[in-house]
Amino acid sequence: MATTNPTSEEDLLCPRCSEIYCVPVLLKCGHNICRDCLHKFWEWKGCRECPVCGTESATWRPPIDLQLKIAADAYQAQMIGRDKDICALHNEKLKIFCKNDEEAICVVCQVSKQHKVHSCCPVEEAAGEKKTEISAMLESLIKQLNILNKTKQQWEDTKSYIQTQSSQCETAIKEEFQKLHRFLWGEENTRLKALKQEESTKLQVMSKKIENIKEQINSLSFTISDTKAALRANELPFLQNYKQTKKRIKCNVREPECVRDILINSAKHLGLLKFGIWKNMVNTIAYAPVVFDPNTAQSNLKFSHELTCVQYSSQQPLPDNPERCTSNVCVLGTTGFKSGKHSWTVEVGQGKDWYIGVARESIQRKSPVFFNPAEGFWVIGLRNGNSLWAQTSPSTNLTMKQNLDRITVELDYEKGKVVFINAENSTVIYTFKDRFTERIFPYFSPGVYKDWKNSSPLTICPQTITVDIE
């Protein structure tokens with residue numbers, strides 16, 4: 001059968017398999033056969049005969065009949081499209097959309113018992129409404145993806161900082177141990193092992209969380225990509241896949257969790273390092289009742305190795321972890337108190353603007369606040385080097401008979417008292433009286449300096465340690 005413009009299904013049927021042509025080839029005799037059908041026939045027959053008339057072909061690779069192939073492909077596409085446009089129950093065009101069942105139906109379906117009382121509209125109108133609905137849902141997913149990507153970057157930065165922080169701690173530990181005698185190497189190795197264990201554990205935690213958020217991002221990205229593809233589809237295919245698309249896009253996207261206490265606990269490794277071995281090195285050990293927690297410090301603060309001295313410095317690239325204070329140049333002590341009496345002495349030195357005292361654990365750390373008890377601060381401070389103030393509401397000006405060098409802070413949790421004492425002469429500077437309901441932390445702010453190289457430090461004064469052996 002030689003034909004150039006097949007127009008009917010009969011003309012497009014392969015004489016061998018009786019199916020629509022798939023890659024038809026043209027034989028020397030003029031008959032068309034599917035290429036696969038012809039090769040199978042020749043293998044079975046053992047010669048190159050035409051399956052229709054028996055004429056032997058001159059080549060094992062007869063040419064493809066392009067016009068017939070185009071006609072057959074077009075007919076196949078037409079049949080597929082017609083099947084999607086036609087109601088399987090009534091063989092009618094799908095022109096109506098049932099809002100109740102959210103599916104395309106024909107006019108016969110509309111008056112049937114199943115859809116008679118349902119709300120219906122033309123597919124064109126429904127497609128516009130549903131595309132608008134899906135677009136709005138897609139916009140929400142895109143926003144969630146942006147949040148996840150931002151959080152992923154923050155977590156990757158935090159992971160890098162953990163390594164940097166661990167390296168800094170390791171260097172500080174080694175410098176301190178170099179000052180000690182050889183018999184202390186065992187202590188150093190123990191502490192380094194603890195540091196490495198914490199680093200390994202916390203890096204594993206962050207690695208797992210980053211992998212989890214990557215999986216969320218990939219899953220959400222695929223959903224968004226598939227949804228965009230669905231929105232680009234024609235009206236009827238879109239509506240036919242609408243339920244599935246809607247179900248996928250309603251996926252529950254979890255908000256990124258707030259990763260707390262993930263940074264290296266520098267205070268554990270560096271704070272009071274010498275005190276940990278005081279029995280062997282009592283004559284060289286200085287004990288401070290409070291040490292600074294660098295994980296709560298604003299990024300312009302720099303600390304001594306043992307975390308007992310802080311001063312204003314150049315800004316450092318630090319992660320914005322939940323514990324860190326970013327709205328004020330300050331740092332908290334590593335230990336919080338929920339009972340008992342506690343005291344520590346601060347050497348304020350030549351600083352002209354500083355604040356010391358206590359603050360409750362729930363203070364606002366990321367936004368500006370007023371320094372007063374209502375906001376969770378019980379502090380006093382020096383302004384411009386000549387005026388001392390208690391941060392009440394409003395502030396209370398305190399008389400300075402002499403320059404202050406060392407100030408003792410005494411906290412009595414049960415009595416709700418914070419007393420500030422001039423350590424030089426034991427006179428009381430100011431007393432706060434309140435009621436504490438949560439953990440209270442020592443608070444320190446060395447002030448802001450235009451030239452950080454001339455900044456003055458705040459130092460926790462050491463206490464004398466004596467060892468009595470009975």
Side-chain angles (χ1 to χ4, degrees), residues 9 12 19-22 69-153 209-257:
E9 180 178 353
L12 299 175
E19 299 289 342
I20 300 298
Y21 282 116
C22 178
K69 182 178 185 304
I70 292 172
D73 290 346
Y75 182 81
Q76 289 276 30
Q78 180 183 2
M79 293 301 296
I80 293 174
R82 188 181 69 180
D83 290 341
K84 289 186 177 181
D85 290 343
I86 301 300
C87 175
L89 295 177
H90 308 109
N91 201 30
E92 295 285 342
K93 285 280 187 178
L94 299 173
K95 297 182 178 181
I96 309 297
F97 182 76
C98 176
K99 294 183 178 180
N100 296 71
D101 294 334
E102 296 183 333
E103 62 181 7
I105 61 176
C106 70
V107 291
V108 180
C109 291
Q110 186 181 11
V111 297
S112 67
K113 182 178 180 181
Q114 181 181 356
H115 299 280
K116 188 174 183 180
V117 296
H118 290 178
S119 175
C120 301
C121 66
V123 291
E124 296 82 0
E125 178 183 330
E129 292 178 357
K130 298 306 179 183
K131 283 189 176 184
T132 300
E133 176 186 346
I134 294 297
S135 295
M137 297 172 70
L138 176 63
E139 185 67 26
S140 176
L141 288 185
I142 292 174
K143 290 180 180 179
Q144 293 293 333
L145 178 61
N146 291 336
I147 293 174
L148 291 176
N149 279 321
K150 182 178 180 181
T151 303
K152 171 179 167 290
Q153 184 59 50
K209 290 185 179 297
I210 290 173
E211 284 301 317
N212 289 339
I213 202 170
K214 282 182 179 179
E215 292 178 4
Q216 278 189 275
I217 290 171
N218 289 337
S219 176
L220 193 54
S221 297
F222 283 132
T223 300
I224 291 173
S225 177
D226 292 346
T227 305
K228 287 181 177 179
L231 290 172
R232 290 194 296 268
N234 294 330
E235 297 170 346
L236 188 56
F238 165 77
L239 292 175
Q240 290 173 325
N241 294 322
Y242 166 73
K243 285 184 178 179
Q244 184 179 358
T245 303
K246 183 178 180 181
K247 182 178 179 180
R248 290 192 64 187
I249 206 169
K250 281 185 175 181
C251 58
N252 184 22
V253 181
R254 301 188 303 273
E255 289 288 339
E257 63 178 296

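Values below: every heavy atom of this structure, side chains too, minus hydrogens, waters and symmetry copies.
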Atom [atom1] in [X], atom [atom2] in [Y]: separation rounded to 0.5 Å?
X      : Y      : atom1 : atom2 : result
Ile147 : Ile217 : CD1   : CD1   : 11.5 Å
Gln110 : Cys87  : CD    : SG    : 12.0 Å
Phe97  : Leu236 : CZ    : CG    : 10.5 Å
Asn241 : Lys246 : CG    : NZ    : 14.5 Å
Leu145 : Lys150 : CG    : NZ    : 14.0 Å
Leu239 : Leu94  : CG    : CG    : 10.0 Å

With a 4.5 Å cut-off on side-chain heavy atoms, are [Y] and [X] touching?
X      : Y      : result
Cys121 : Lys99  : yes
Gln216 : Lys152 : no
Ile96  : Pro122 : no

Could you pull out every donor-acceptor pair under 3.5 Å between side chains of residues 137-144 and any protein atom, sequence neighbours left out?
none

Side-chain donor-acceptor pairs of residues 222-229 under 3.5 Å, sequence neighbours excluded:
{"unit_1": "Thr223", "atom_1": "OG1", "unit_2": "Ser219", "atom_2": "O", "d": "3.0"}
{"unit_1": "Asp226", "atom_1": "OD2", "unit_2": "Arg248", "atom_2": "NH1", "d": "2.6"}
{"unit_1": "Asp226", "atom_1": "OD2", "unit_2": "Arg248", "atom_2": "NH2", "d": "3.0"}
{"unit_1": "Thr227", "atom_1": "OG1", "unit_2": "Thr223", "atom_2": "O", "d": "2.6"}

Heavy-atom nearest pair, Thr245 first then Ala230, reads OG1-CB, 3.9 Å
task: Please check if the side chain of Asn100 supplies one atom and the backbone of Ser119 the other of a donor-acceptor pair under 3.5 Å.
output: yes
Side-chain (Lys243) to main-chain (Asp101) donor-acceptor, under 3.5 angstrom
yes
- Quick one: do Lys209 and Glu257 make a salt bridge, cutoff under 4.0 Å?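 Yes, charged N to carboxylate O under 4.0 Å.
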Check your understanding: Which pairs count as salt bridge (charged side-chain N to carboxylate O under 4.0 Å, His left out) when at least one residue sits in residues 103-121, sequence neighbours excluded?
Key ->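 Applying salt bridge (charged side-chain N to carboxylate O under 4.0 Å, His left out) to every pair that reaches into residues 103-121, excluding sequence neighbours, yields nothing.
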Does Tyr21 have Lys69 sitting over its ring (NZ/CZ under 6.0 Å from centre, angle to axis within 45°)?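 Because its charged atom misses either the 6.0 Å distance or the 45° angle limit, Lys69 does not stack over Tyr21.
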Original post:
When you look at CD of Glu133, are more than 12 heavy atoms from neighbouring residues, nucleotides or ligands closer to it than 6.0 Å?
Top reply: yes
Residues, nucleotides or ligands: over 12 heavy atoms within 6.0 Å of Lys131 NZ = yes
Fill in: Reference residue Ile105; test side-chain contact (heavy atoms from CB on, under 4.5 Å); the match among Lys95, His115, His90
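Going through the options one by one, the only one that passes is His115.
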### Message
If you apply the rule side chain to side chain contact (heavy atoms under 4.5 Å, CB included), what do you find for Cys106 with Lys93, and how did you get there?
### Response
CA-CA 6 Å; Cys106 70; Lys93 285 280 187 178; over 6 Å; no
